> 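Below you will find the structure I want to go over with you.
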Amino acid sequence: MSLRLTIRPTDRRESIAQFLDKVGDFGRFVASFFRDGFRRPWEVRELLRQMDEVGTRSFLLTGVTGLAIGAVLAMQSRGTLIQFGAEAMLPNMLALSIIKEIGPVLTALVLAGRLGAGIGAEIGSMRVTEQIDAIEVMALRPLNYLVVTRVLACVIMFPVLTVWTDALGLFGGYLESALSSQIDPRLYLDTAFTSIRFSDVLADTMKTAIFGGIVGMVSCYLGFRVRGGTRAVGQAAMQSVVASSVLIILADLFVVRLSLLLFGDIAS
Amino acid sequence: MKPAVRIVDLHKSFGANEVLKGVSMEVEPGKTVAVMGGSGSGKSVLIKHVVQLLLPDSGEVWYGDKRMDLLRGKELDDQRLTIGYLFQGGALFDSMSVAENFDFVLDRHTSLTLAERKDRIEELLTWVELEEKFNASPADLSGGQRKRIALARGIALDPKLMLFDEPTTGLDPVSVRLVSDLIVRLRDELDMTSIVITHDLLCAEIAADHVNFLFEGLILESGTLDEVQRSDKPELRNFFGG
């Protein structure tokens, strides 16, 4: 006897409708964040705890990433710059690429991996074990206690961690340069910052506050909407990382374009 | 006497799944009412309407002289503060110690000093005979201890009404007795009104003054446990193994 399986063709319209449904639901979640999130009681202690969770515990990860990327970038670029007789421009090139793009985006992506999964899983498991319902029954606001604190912690700490990653990246580049060509540290720093404006450093660092907001908001949303058991919690954690990472890259495109319009190109 | 809780013709569906099909019941002040029924009969959905964790599709939920399903904002908060809730798994915050679980509520809703809050927490833990668990982590507690501590947290603000969602599920008979005795003490010592969602016969036997039997979204039988058990309706005979 042969078993015949009937496979229903994927209904594309249904998938699109579901996707749009989710986008709309996320929009409502963000709207309620701004409408209801900033009301008493202020959860200052929880905010500080989350800043510690986001910041202090991520210093090692982002620091090592910055140090390694700075050194690798110096190694990879030296050969090409020598070909054009521009080895002296190496610190300048490192500073430009690390401060303007690699530092902010890499920091945000590394943190999206660490925090997106953590927040998504933590809030998701609080949802399935009814801890979020318990907060509500206590006449408290889960949105204030869980979401606002995490989103704000990300918004505040992402730029701080980006400055840290940038600094370590430049230090990694210096270490590699010092080992390869015994460059003087003062000369390295002078050359590195010749064509960097303060507005560049500020704009490119502060854009990570937006990335932080994305990671916090998306992960909290996916955690909040968990239904079912542990499998759904795992999925929320994974989806938080994927969605945050994609949105960071898309937001970067938008922010870079906007900052070029506002502050102009470095060459202009 | 005016009922403490009155539910009138409550309907609730999730998509195509109609869970409550017109439930009506009353709870007298100072009494313990058990809502019994098999899995999927809508017991937990019913109790969640009393604190507006769910809103009904139609029907009314009265608590005292307020319609819970219509309250919003501060009015809803004020009513919720007079209701304690024991969730099925306890819902203790696992990122906090036992004492911090209590302090989370007391710090935000009372003007007690740190020392006074500590005294209150010790008093509550002594009441459930678990004073030694003050600094323990919820992860280190047994199922029964977790339920007793969650119950103590639920009464931290001296509520008038206590809701129990499957308080004895997954517990051994000794723990079932301990938790059920606490429900009785709430009524006898603190004059508290309680609704207990359960399918545990022993728990209902010890704690309930009145039993409502819920079947497929409707109250099928109502009375004392003895009366409900003696019903000749096949659904009840099947449930009680008669």
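Here the structure is a predicted model, which is why all the values come from computation and not from measurement. Note on naming: letters A, B, ... go to the chains in the order of the sequence lines (proteins, then strands), and numbering restarts at 1 for each one.
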> On the six-membered ring of B:Phe14, is B:Lys12 placed so that its NZ or CZ lies under 6.0 angstrom from the centre and within 45° of the ring axis?
yes
> With a 4.5 angstrom heavy-atom cut-off, could you sort out which part of A:Arg141 is near chain B: side chain, backbone, both or neither?
side chain
> Taking the six-membered ring of B:Phe134 as reference, does the cationic atom of B:Lys118 (NZ for Lys, CZ for Arg) lie under 6.0 Å from its centre and within 45° of its axis?
yes
> Which heavy atom of A:Ile98 sits nearest to which heavy atom of A:Pro104, and what is that distance?
O-CD, 3.4 Å
> Would you mind telling me which of B:His109, B:Lys48, B:Gln88, B:Arg153 has the largest number of heavy-atom pairs within less than 4.5 Å of chain A?
B:His109
> Mind checking whether A:Val137 and B:Phe87 have side chains closer than 4.5 Å, heavy atoms only?
yes
> Does any backbone or side-chain atom of A:Glu46 lie under 4.5 Å from a heavy atom of chain B? Answer side chain, backbone, both or neither.
neither
> What are the two closest non-hydrogen atoms of A:Phe29 and A:Cys220, and how far apart are they?
CZ-C, 4.1 Å
> Tell me, out of B:Asp165, B:Asp94, B:Val105, who's got the most heavy-atom pairs with chain A below 4.5 Å.
B:Asp94
> Check whether A:Phe33 forms a cation-pi arrangement with A:Arg28 (NZ or CZ under 6.0 Å from the six-membered ring centre, at most 45° off the ring normal).
no
> What residues of residues 58-81 of chain B sit under 4.5 Å from chain A when you count only heavy atoms?
B:Asp77, B:Arg80, B:Leu81
> Side chains of A:Met138 and A:Tyr145: closer than 4.5 Å at any heavy-atom pair?
no
> Could you check which of A:Thr129, A:Ile132, A:Asp133, A:Ile135 has the highest count of heavy-atom pairs closer than 4.5 Å to chain B?
A:Asp133
> Go through the atoms of B:Asn101 and report whether side chain, backbone, both or neither lie under 4.5 Å from a heavy atom of chain A.
neither
> Is it the case that B:Arg185 places NZ or CZ above or below the six-membered ring of B:Trp127, under 6.0 angstrom from the centre and within 45 degrees of the axis?
yes
> Can a cation-pi geometry be assigned to A:Arg127 and A:Phe224, taking NZ or CZ under 6.0 Å from the six-membered ring centre and within 45° of the ring axis?
yes
